[in-house]
Amino acid sequence: MTRQEYNKIILEFLNRYIEECPDIRFIQALSNCHILMSYKSDEIPPHQFCFVDNYHEESSVTLERIMS
């Protein structure tokens, strides 16, 4: 499967999730679907998270994480 095909599957998954949860915020949807990964740091205020930039991650790996 090509990278573009994986990307389209990820977008379809995200679109279904947003349709099922219409009141969810976009960043929250990305986090809930495990597309964006986050971590807590003592250097930022409570209830805020740092997001990991996985620019190097292949779409196939991202899809695998979403589906698990």
Side-chain angles (χ1 to χ4, degrees):
M1 194 177 310
T2 68
R3 184 180 292 153
Q4 185 178 30
E5 291 169 326
Y6 281 112
N7 290 344
K8 287 180 180 182
I9 293 170
I10 293 168
L11 287 172
E12 290 169 8
F13 179 86
L14 185 59
N15 186 54
R16 282 193 309 271
Y17 183 78
I18 290 171
E19 289 292 324
E20 292 173 8
C21 306
D23 294 329
I24 201 132
R25 296 177 304 276
F26 187 73
I27 296 297
Q28 185 180 8
L30 293 176
S31 180
N32 290 353
C33 292
H34 306 287
I35 295 169
L36 282 182
M37 297 181 348
S38 63
Y39 63 94
K40 183 73 176 120
S41 171
D42 293 333
E43 298 176 11
I44 59 174
H47 308 295
Q48 292 187 10
F49 296 88
C50 298
F51 286 99
V52 178
D53 182 4
N54 287 334
Y55 69 92
H56 62 283
E57 182 175 274
E58 282 295 332
S59 300
S60 59
V61 174
T62 305
L63 181 59
E64 187 176 309
R65 186 177 60 251
I66 291 168
M67 297 305 195
S68 66

Participant: Find the distance between CG (Asn15) and NZ (Lys8) and round it off to the nearest 0.5 Å.
Facilitator: 14.0 Å
Participant: Quick check: is Ile18 connected to Ile10 through a chain of hydrophobic side chains (ILVMFWY, heavy atoms under 4.5 Å apart)?
Facilitator: yes
Participant: Report the distance from atom SG of Cys33 to atom CD of Gln28, rounding to the nearest 0.5 Å.
Facilitator: 10.0 Å
Participant: Mark yes or no for whether Glu5, through its side chain, and Thr2, through its backbone, hold a donor-acceptor pair below 3.5 Å.
Facilitator: yes
Participant: Indicate every side-chain donor-acceptor pair of residues 56-68 with a distance under 3.5 Å to a residue at least two apart or in another chain.
Facilitator:
residue	atom	partner	partner atom	Å
Glu57	OE1	Arg65	NH1	2.8
Glu57	OE2	Thr62	OG1	2.5
Glu57	OE2	Arg65	NH1	2.9
Glu57	OE2	Arg65	NH2	3.1
Glu58	OE1	Arg3	NE	2.9
Glu58	OE1	Arg3	NH2	3.0
Glu58	OE2	Arg3	NH2	2.6
Ser59	OG	Asn7	OD1	2.4
Thr62	OG1	Glu58	O	3.4
Arg65	NE	His34	O	2.8
Arg65	NH2	His34	O	3.1
Arg65	NH2	Ile35	O	3.3
Ser68	OG	Arg65	O	2.9

Participant: Any link between Leu14 and Tyr6 through a network of hydrophobic side chains (Ile, Leu, Val, Met, Phe, Trp, Tyr) touching at under 4.5 Å?
Facilitator: yes
Participant: Side-chain heavy atoms under 4.5 angstrom apart, residues restricted to Ile, Leu, Val, Met, Phe, Trp, Tyr: same cluster for Leu36 and Tyr17?
Facilitator: no
